[in-house]
2 protein chains.
Amino acid sequence: MRVPPEERSATAARILQAADELIAEVSYEGVSMRDVAEAAGVKKALVFYYFNSKAELFDRVIERYYAAHLGALSSSIEGSGSVRDRLHRVIDAYLDFIEANRRYPRLIQQQVAGGNVHLDLIRRNLEPLFEWVQATFSEVAPSHGPLAARHFFVTFSGIVINYYTYAVVLGPLWSEDPLCPSALTDRRSHVHWMADLVLDGLERERTEDSDRSR
Amino acid sequence: MRVPPEERSATAARILQAADELIAEVSYEGVSMRDVAEAAGVKKALVFYYFNSKAELFDRVIERYYAAHLGALSSSIEGSGSVRDRLHRVIDAYLDFIEANRRYPRLIQQQVAGGNVHLDLIRRNLEPLFEWVQATFSEVAPSHGPLAARHFFVTFSGIVINYYTYAVVLGPLWSEDPLCPSALTDRRSHVHWMADLVLDGLERERTEDSDRSR
DNA sequence: GCAATATTTGACCGATCGGTCAAACCGATT
DNA sequence: AATCGGTTTGACCGATCGGTCAAATATTGC
């Protein structure tokens, strides 16, 4: 396996980080290689020396995030326990990862909503989490209809990730900085509250169903 | 009040629609005026004849969406009734609007996650809905903490809008096209189920609180 | 010390970008 | 037929885009 440029050279790492910040701040098309070079305190040609093209640099940025994302979630995904325990654990892991990688929500939303150039890369990233939700919720949710597992995947993805992207826009309207520590713990509690609510609701659906079939 | 170009000329309307489709498909920076002209079957200079600059054309695209969005929601927002009725009504109006404007979710997610060039435009668009949620939930939710109204604004925004953006990415992984009519009615039921769940949950929180204080 | 190797730079390339403008074109009006 | 206002076009502009390359500069191994 070949070693990526940012692990060989500290300069390459600085370039990658500059690209990371700029892309998350604007967008892939909105950032030029000159911007990246300038932000990294380096001449443009050097960027091409380490990363051969703009697409390659960009790929390294999101591939690194995706790998980190999967790594952060894998341990919490593989664990055992009740559905409730497992769900809370994955939510915590997801929130931990986002708070340690503040630019991730913007990046992934750009990917999903923007030009579908790297569509299968995003899909490969979301697939394990999707499969996990599918498998986990199959124990407590019907296999099809409005309460099927895949709806809860989208629902919880939205609940978790949208807070961070909307925070930038809506922050000024709020009484408090949405990204300050106390607000973030509030948000975390909110998501967990929603999770318990859904699991309780699904349980109620099941008992009502069995009552009705009796 | 001045008449916008697309209401004076059918050609201008075609150009605007082409810009609409391309921007939603890719992104503002990712689309050139030549692309727009070609998609509209027109020479580039004509685009500048009707819309004086790329920024102006782009502004017309999103302004039109925002106006339509507010128009579609205003009647459901202004109505009266129980909190539950009002919430279900606004959700239905939001979903109706999205299904009539399929490119809207991608556009708004691009705006929120992308370069914050038009940040206050987005804010003006989201503000009325945010204020409405704030006012409506104040009757049933605590004024601060994890169950404050603003958390439910973000939560429901995410639940409603994320489905459509994720659908494009995750569709191939699903057993069914996420945007086919039956899947959309399932999703609508899912959102309404979540709404009832939240309102019931908040009611339970309130009675537990008053029990505890007794 | 020198030579080989890796890093960094400035100058340059063709293509494309957003934008301008004068001229051609068009259907009415007289 | 002449003309006139709105429409459409082709040619062109300077700036910037992603990308290349040879030369200059550090760094390493001997």
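Labels below follow one simple rule: chain letters A, B, ... track the order of the sequence lines, proteins then strands, and each chain is numbered from 1.
Residue-level contact check: B:Val31 touches the backbone only, with heavy atoms under 4.0 Å from sugar-phosphate atoms and none from bases.
Residues passing the side chain to side chain donor-acceptor pair (under 3.5 Å) test with A:Gln17 are A:Glu21, sequence neighbours excluded. Residues passing the salt bridge (Lys or Arg N to Asp or Glu O under 4.0 Å) test with A:Glu99 are A:Arg188, sequence neighbours excluded. Taking the side chain to side chain donor-acceptor pair (under 3.5 Å) definition, one finds that A:Asp196 meets it with A:Arg84, A:His88, sequence neighbours left out. Residues passing the side chain to side chain donor-acceptor pair (under 3.5 Å) test with B:Tyr49, sequence neighbours excluded: none.
Here the nucleotide nearest the side chain of B:Ser32, chosen from D:dC17, C:dT9, C:dG18, is C:dG18. For A:Met33, the side-chain atoms get nearest to D:dG18 when compared with the rest of C:dT9, C:dG18, D:dG18.
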Review item, nucleotides 5-7 of chain D N/O atoms under 3.5 Å of protein N/O:
from: D:dT7; atom 1: OP2; to: B:Tyr49; atom 2: OH; distance (Å): 3.0

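The CZ-P distance, from A:Phe51 to D:dG18, rounds to 15 Å in whole Å. The nearest whole Å value for the distance from the CD atom in A:Glu38 to the P atom in C:dT8 is 18 Å. One interatomic measurement links the two molecules: CZ of A:Arg14 to C1' of C:dT7, which rounds to 13 Å at whole-angstrom precision. Look at CG on B:Leu22: it is 12 Å from P on C:dG18, rounded to the nearest Å. Taking atom NZ of A:Lys54 as the reference point, atom C1' of C:dT16 lies 13 Å away to the nearest angstrom. What separates CZ of A:Phe48 from P of C:dT9 is a distance of 15 Å, to the nearest Å. Atom NZ in A:Lys43 sits about 15 Å away from atom C1' in C:dT7, given to the nearest Å. The CZ-C1' distance, from B:Arg34 to D:dC12, rounds to 11 Å in whole Å.
Less than 6.0 angstrom separates the ring centroid of B:His151 from the ring centroid of A:Tyr163.
Sorted by first and then second residue, the salt bridge (Lys or Arg N to Asp or Glu O under 4.0 Å) pairs involving residues 153-169 of chain B (not counting sequence neighbours) form an empty list.
Atoms OG1 and CG, on B:Thr155 and A:Asn162 in that order, are 9.0 Å from each other to the nearest 0.5 Å.
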